[in-house]
Amino acid sequence: MVRRSRARAALLSPPPGRRYTRSWSRARGAGEMIRDEFANLVARALASAQAAGDLPAFAAPEIDLQHPQRPEHGDYSANLPLRIQSLVRMRAVDVAAAIQRHLPPHEALAEARVAPPGFLNLYLAPGWVASQAEAIARDGDGYATGDRGGGERVQVEYVSANPTGPLHVGNGRGAAIGSTLANVLRARGDEVEEEYYINDAGTQVAIFARTLYARYQQIFGRDAPIPENGYPGEYITGIARRIRDEEGDRYLRPEGQEPDPGLGERGIELMLEEIRRDLEAIGVRYSNWYSERALQAEGGPYHTVLERLRDRGHVVEREGAVWFASSEVGEEKDNVLIRSDGVPTYFATDIAYHFDKLVTRGFDRSIDIWGADHQGHVSRLKTAMRALDASPEALDVVLYQLVTLRRGDRIVPLSKRAGELVTLADVVEEVGPDATRFFFLLPSAGSAMDFDLELAKRRSEENPVYYVQYAHARIRGILDRAREAGLSAAGADAALLVHGAEQTLVRKLLLLPEVLETVARELAPHHLPHYAQELAQAFHVFYTQCRVVDEEQPELSRARLLLLDATRVVLARTLGLMSITAPDRM
RNA sequence: GCCCUCGUAGCUCAGUGGACAGAGCAGCGGACUUCUAAUCCGCGGGUCGCAGGUUCGAAUCCUGCCGAGGGUGCCA
């Protein structure tokens, strides 16, 4: 996996009076990214080489540091010489050598090597690596947290499924992506709110209410047909039955009359209760539930925003409908705001909703997690924000592709066929919340995913979630064992961690801040489960190669217990950010 | 028709301008008197959909084509 760090050379003259010493005791949070420090060093070396006339003057580009795929190429690698060789009319290896000569010393840097065709490879000092086990263990749950984010007020909105039926598998994917993203942004120092937008107004809700009334009447023996385009699902009968059990026949009206609006409202309430319960089962808890009906209330955002659009001349009336004249502001076509029957479209209320987020409630940033079927909506919504002088850049939309449910080779149709699983709750019940979340998070949002129930359910080596959790449980086991033997990490000398497996493990631990940075920058939570697997693997290898509890070697045991403390913290944190449990035994 | 996303090992997927393209699973062969073998070690496996182009360098960027999914003025 290649990750990069960017630093602008121009901004990076060393702070006056600050000396870089070889001492490993200089106070620094373990969460600070060593990659950034190295990028910093390269930027300073470049500037100093230019000042000394070893390199010509030119506008310094961004310094990208990468993790080479092959360990012999170092821990970090700069390709800057290759990128600027034609600009400076020099051979890349000579550029690399010039930078190398001017590289300031750094406690973590053992060596920098020039490698053809012009890479500058940086090698971490093993002693510094070992010392980081202690720094990470000391930081504990505070590792890789805090002030690294922008400190912005961010709102993440996800799922927001119509409260007219139970959540399906696709909603689960949105839930996993949205809540994990929120967790990561919060960990990095943003002030994050998670919100569910309740579509409790509009046509779908009206159809739901009519279907519910039909089912309700059927319970009382009436021959009431499901309305045209009504919801065929059995679950509505369940709701009708529950309302009958709790409130009797109070919603029953003489045959042929319109249903009592109170019945539909009660139905939506019950549906929302179920949705909330299903989401809580996979560790999702919202800070706010926002009602579309409230949005549309007299004097509410919908009316204010529509007026504002109108005032700015973006609204036209045509063919009995009210349109957003979006073709005049860069869109391919106009879009309907109010249909000819007087009912506002989803688009119109969504404009109001997002204006409310960005302007009225003043979030610095709004991140929406949508299924790919809403893709066409992104551009026109941003255009609407621009037309309202709300910053479209403050609105990010993460689109995730759809989910195919499978059992081994067999595709499970998402139709409502009896006996087949369709709801999120069914999946969670069958495979468990941890595996459900892990599998949803594994593929990047942009790729369509197969959710294999058989694999997710399997409690064996084939299932990556247990591989990761097992690493945590194993560490707990060793820690227990150490306590029985009277050993602890107190007074440990981290410098003893020189074994290859120990060094590899610490290097993985050092990656967490970079992974979180990538997740936050790309809004791509799938890096987290991949990292979790890499980390678990580094631990399992360590476990097989390095005995921890060894009463013959108490010093080494203490050092390794320190490493285990650090590893356990990082593993638990990584799992926690995905809202997956870190078990003490399995 | 047009727009968006995707196409990488048998399967599920990472990698999206750098060095001989990676992981897990599946397959084959090894390792438990030792802190949990839900583990570890080794082996085999890829014209990165196809064809051009840009670049010192392309799975990655551009163009065209093929294939899958989604969208496309009064569904959400």
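Note: hydrogens, waters and symmetry copies are ignored here, and every other heavy atom, side chains too, is used. In the text below, chain A, chain B and the rest are named by the order of the sequence lines, each starting its count at 1.
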Closest of B/A76, B/G15, B/A19 to the A/His374 side chain is B/A76
Are the ring centres of A/Phe539 and A/His472 closer than 6.0 Å?
no
Can you check the A/Glu514 CD to B/G15 P distance for me, whole Å?
15 Å
Give the ring-plane orientation class for A/His526 versus A/His530, where under 30° counts as parallel, over 60° as perpendicular and anything between as tilted.
perpendicular
How far does the C1' atom of B/G57 sit from the matching atom of B/A14, given to the nearest Å?
22 Å
Separation of the C1' atoms in B/G27 and B/A9, to the nearest angstrom:
13 Å
With rounding to whole Å, what would you report as the distance between B/C43 and B/G7 at their P atoms?
29 Å
Rounded to whole angstrom, note down the C1' distance from B/G46 over to B/A23.
14 Å
For B/A31 versus B/A68, give the span between their P atoms, rounded off to a whole number of Å.
49 Å
Of the nucleotides B/C35, B/A14, B/C13, which one has an atom closest to the side chain of A/Ile478?
B/C35
B/U5 and B/G52, which share atom name C1', separated by this distance in whole Å
24 Å
As a test of the definition: with a 90° window around 0 for syn, would you call B/C32 syn or anti?
syn
Please write out each protein N/O paired with an N/O of nucleotides 2-6 of chain B under 3.5 Å, distance rounded to 0.1 Å.
{"from": "B/U5", "atom 1": "O2'", "to": "A/Gln401", "atom 2": "NE2", "distance (Å)": "3.3"}
{"from": "B/U5", "atom 1": "O2'", "to": "A/Gly446", "atom 2": "O", "distance (Å)": "3.0"}

Kindly indicate, with the supporting measurements, whether the criterion side-chain contact (heavy atoms from CB on, under 4.5 Å) is fulfilled by A/Val205 and A/Asn162.
CA-CA 8 Å; A/Val205 170; A/Asn162 278 346; 6.0 Å; no
Kindly say if A/Gln537 contacts the phosphate of B/G24, meaning a side-chain N or O under 4.0 Å from OP1 or OP2.
yes
Could you give me the CA-CA distance, side-chain angles and deciding distance for A/Leu424 and A/Phe440, then say whether side-chain contact (heavy atoms from CB on, under 4.5 Å) is met?
CA-CA 11 Å; A/Leu424 174 63; A/Phe440 276 139; 4.0 Å; yes
Using Watson-Crick pairs (N1 to N3, plus N6-O4 or O6-N4) and G-U wobble pairs, both distances under 3.5 Å, which stems of at least 3 pairs involve RNA chain B?
B:1-7 with B:66-72, B:10-13 with B:22-25, B:27-31 with B:39-43, B:49-53 with B:61-65
Is the shortest distance from a Lys or Arg side-chain nitrogen in A/Arg386 or A/Glu331 to a carboxylate oxygen in the other one below 4.0 Å?
no
Here the distance between atom C1' of B/C74 and atom CH2 of A/Trp323, to the nearest Å, is 6 Å
Quick note, A/His73 side chain, CB onward, closest among B/C35, B/C13, B/A19 is B/A19
Closer than 4.0 Å, any side-chain N/O of A/His540 to the OP1 or OP2 of B/A37?
no
With P as the reference atom in both, quote the distance from B/G42 to B/G22 in angstrom, rounded to an integer.
15 Å
Taking only Lys NZ, Arg NE, NH1 and NH2, and the carboxylate oxygens of Asp or Glu, determine whether A/Arg318 and A/Asp334 approach each other closer than 4.0 Å.
yes
Can you tell which of B/U12, B/A37, B/A38 lies closest to the side chain of A/Tyr543?
B/A37
Think A/Arg585 has a side-chain N or O under 4.0 angstrom from the OP1 or OP2 of B/A38?
no
C1' spacing across the pair B/A26 / B/C11, given as an integer number of angstrom:
7 Å
I want to verify a distance call: between B/A76, B/G22, B/G18, whose nearest atom is closest to the A/Gln69 side chain?
B/G22
Using heavy atoms to find the nearest nucleotide of RNA chain B for A/Arg380 and A/Arg547 separately, return the residue whose nucleotide is more 5′.
A/Arg547
Both conditions, 6.0 Å and 45 degrees, for the charged tip of A/Arg35 above the ring of A/Tyr76: are they met here?
no
How many whole angstroms separate atom OH of A/Tyr346 from atom C1' of B/G71?
14 Å
Whole angstroms only, please: what is the CG-P distance between A/Asp452 and B/C13?
10 Å
Given the 90°-from-0 boundary between syn and anti, B/G71 should be labelled anti
Could one point to a donor on the side chain of A/Ser340 or the base of B/C74 with an acceptor on the other under 3.5 Å away?
yes
Polar side chain donor-acceptor pair, A/Ser77 to A/Asn121, under 3.5 angstrom:
yes
On the nucleotide B/A14, are OP1 or OP2 found under 4.0 Å from the side-chain N or O atoms that A/Ser444 carries?
yes
Between A/His530 and B/G24, does any side-chain N or O lie under 4.0 Å from OP1 or OP2?
no
Counting heavy atoms from C-beta on, name the nucleotide in B/U39, B/G70, B/A76 closest to the side chain of A/Arg474.
B/U39
What I want to find out is whether A/Lys357 reaches A/Glu157 closely enough, with some N-O distance under 4.0 Å, to be called a salt bridge.
yes
Assign the ring pair A/His377 / A/Phe347 to parallel, tilted or perpendicular, where the plane angle (0 to 90°) is split at 30° and 60°.
perpendicular
Per nearest nucleotide of RNA chain B, the residue lying toward the 5' end, A/Phe451 or A/Val548, is A/Phe451
Indicate whether OP1 or OP2 belonging to B/C75 is found under 4.0 Å from a side-chain N or O atom of A/Thr345.
no
Residue pair A/Glu72 / A/Tyr123, side-chain donor-acceptor N/O under 3.5 Å:
no
For the pair made of CD in A/Gln553 and P in B/U34, what is the distance, rounded to whole Å?
19 Å
Options B/C40, B/C74, B/G70, nucleotide nearest the side-chain atoms of A/Leu402
B/G70
Would one find a side-chain N or O of A/Tyr467 under 4.0 angstrom from OP1 or OP2 of B/C25?
no
Among B/A76, B/C74, B/A14, the one nearest any side-chain atom of A/Ala321 is B/C74
Tell me: CG of A/Asp368 to P of B/A76, nearest whole Å?
17 Å
Tell me if the aromatic rings of A/Tyr196 and A/Tyr290 count as close, with their centers under 6.0 Å from one another.
no
